[in-house]
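In what follows, chains carry the letters A, B, and so on, assigned in the order in which the sequence lines appear, proteins first and then strands, with residues in each chain numbered from 1.
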Amino acid sequence: MPELPDVENYTRYFKRHALKKTVTGVHVGDKRALAKISAGELARRVVGSQFTATRRHGKHLLARLSKGGWLTMHFGMTGYLAAFKDGQAEPKYDRVRFDFRSDHLGYIDPRLFGRVGVVDDADAFVKKQRLGPDALDPRFTVKEFRAALGKKGGLKAVLMDQSKIAGIGNIYADEILFQTRLHPLTDVGRLTPAQIKAVFAAMRRVFQASIKAGAGAESFTEKLPKSYLLRQREKGGQCPRGHGALHVMTAAGRTTYYCPLCQPRK
DNA sequence: CTAGATGTTAAGGT
DNA sequence: CACCTTAACATCTA
């Protein structure tokens, strides 16, 4: 479930299990999980290093290497991290395993849409990936948000455009739209300043609440407030405001759940 | 057996 | 040029 809140929790998990530990080995289970780097080069840059700091930008996790540079991770659709000790079974689909003195951290990704790499400079990496401001960056203002949205396009597609704002994916876009009562295909050019402000506030509120609820963990949505659409985001799901069945449509090429009564198309 | 799934990106169309 | 849609990637599950 790797959108911003999930990756934020993975980052915290990474800190708990890998920060300040020396990497004694790296094992690549599947080369396809590597981003423009060979297994040998990855090992050369990571083995013998300690992870000295972490950083997250949108859906990307970065970890600073004491030997220089940053390890980068993107989790695609099905990636996550799993720590395990010597003697414990290695998780299935462990594509890149980092070994420490007596335990390991696995980068797990069944579908192989995610990537692990190493870059020299974190800021340059963000630029090269053409990522917009991180949705939860405290320095990111409503004014900048309005500018980032631009003048044209369907609201859901724009929210999910990582070059405009980094971190929002299909799932959380639906929640933000539901909470602001906006139809997914609303033209961003038609939003009022008040609506833009509301979307910005909802984005931050939804992300903070989801991180707190344990985003990334198994069925964490049950821990979200009952007013959240995410708890009902499945076939037969009901509008939390009592308007009956949610509708399903395709927007921005992705399956979209919404309540036609709360979110009418104007 | 088939369809669809939290992401990204290339390719083709309007 | 701006925007939209579709396909593709790899694998699992409903």
>> For A:Phe51 and A:Phe14, take the angle between the two ring planes, folded into 0 to 90°, and tell me which bin it lands in: parallel under 30, tilted 30 to 60, perpendicular over 60.
In response: perpendicular
What's the [atom1]-[atom2] distance between [X] and [N], to the nearest Å?
X        : N     : atom1 : atom2 : value
A:Met73  : B:dT8 : CE    : C1'   : 19 Å
A:Phe75  : B:dA5 : CZ    : P     : 23 Å
A:Ile171 : B:dA5 : CD1   : P     : 9 Å
A:Met77  : B:dT8 : CE    : P     : 10 Å
A:Arg115 : B:dT8 : CZ    : C1'   : 10 Å
A:Leu155 : C:dC4 : CG    : C1'   : 16 Å
A:Met249 : C:dT5 : CE    : P     : 9 Å
A:Leu149 : C:dC3 : CG    : C1'   : 16 Å

>> Hydrophobic clusters here meaning ILVMFWY residues chained together by side-chain heavy-atom distances under 4.5 Å, can you tell me if A:Val158 and A:Val142 are in one?
In response: yes
> For the hydrophobic clusters of this structure (ILVMFWY residues joined by side-chain heavy atoms under 4.5 Å, transitively), does one cluster hold both A:Phe84 and A:Val28?
Replying inline: no
>> I'd like to know if the side chain of A:Arg95 and the backbone of A:Asp109 have a donor-acceptor N/O pair within less than 3.5 Å.
In response: yes
> Has the side chain of A:Lys67 got a donor or acceptor atom that lies under 3.5 Å from a matching backbone atom of A:Arg44?
Replying inline: yes
[X] vs [N]: side-chain N/O to OP1/OP2 distance below 4.0 Å:
X        : N     : answer
A:Lys59  : B:dT8 : yes
A:Arg233 : B:dT6 : yes
A:His74  : B:dG7 : no

> What's the shortest heavy-atom distance between A:His243 and A:Cys262, and which atoms?
Replying inline: ND1-SG, 3.0 Å
> Is A:Arg265 close enough and on-axis enough to A:Tyr258, meaning under 6.0 Å and within 45°, for cation-pi?
Replying inline: no
> So among A:Phe75, A:Tyr10, A:Phe98, A:Tyr80, which one has a ring-ring contact (aromatic ring centres under 6.0 Å, His included) with A:Tyr107?
Replying inline: A:Phe75
> Which dot-bracket string fits DNA chain B when only Watson-Crick or G-U wobble pairs with both atom distances under 3.5 Å count, crossing pairs get [ ], and | stands for a partner on a different strand?
Replying inline: .||||.||||||||
> Between A:Phe125 and A:His60, is the ring centre distance below 6.0 Å?
Replying inline: yes
> For the ring pair A:His17 and A:Tyr13, is the centre-to-centre distance below 6.0 Å?
Replying inline: yes
> NA contact type, A:Gly154, heavy-atom cut-off 4.0 Å: base, sugar-phosphate, or nothing?
Replying inline: sugar-phosphate
>> Can you work out whether A:Lys151 or A:Thr250 has the more 5'-proximal nearest nucleotide on DNA chain C?
In response: A:Lys151
> Mind checking the C1' distance from B:dT6 to C:dC3? Whole angstroms is fine.
Replying inline: 24 Å
>> Rounding to an integer number of angstrom, what distance separates B:dT8 and C:dC1 when you compare their P atoms?
In response: 25 Å
> Which one, C:dC3, B:dT9, B:dT6, comes nearest to the side chain of A:Lys152?
Replying inline: C:dC3
> Just by protein heavy atoms under 4.0 Å, how would nucleotides 9-14 of chain C read 5' to 3' in B, S and -?
Replying inline: BBBS--
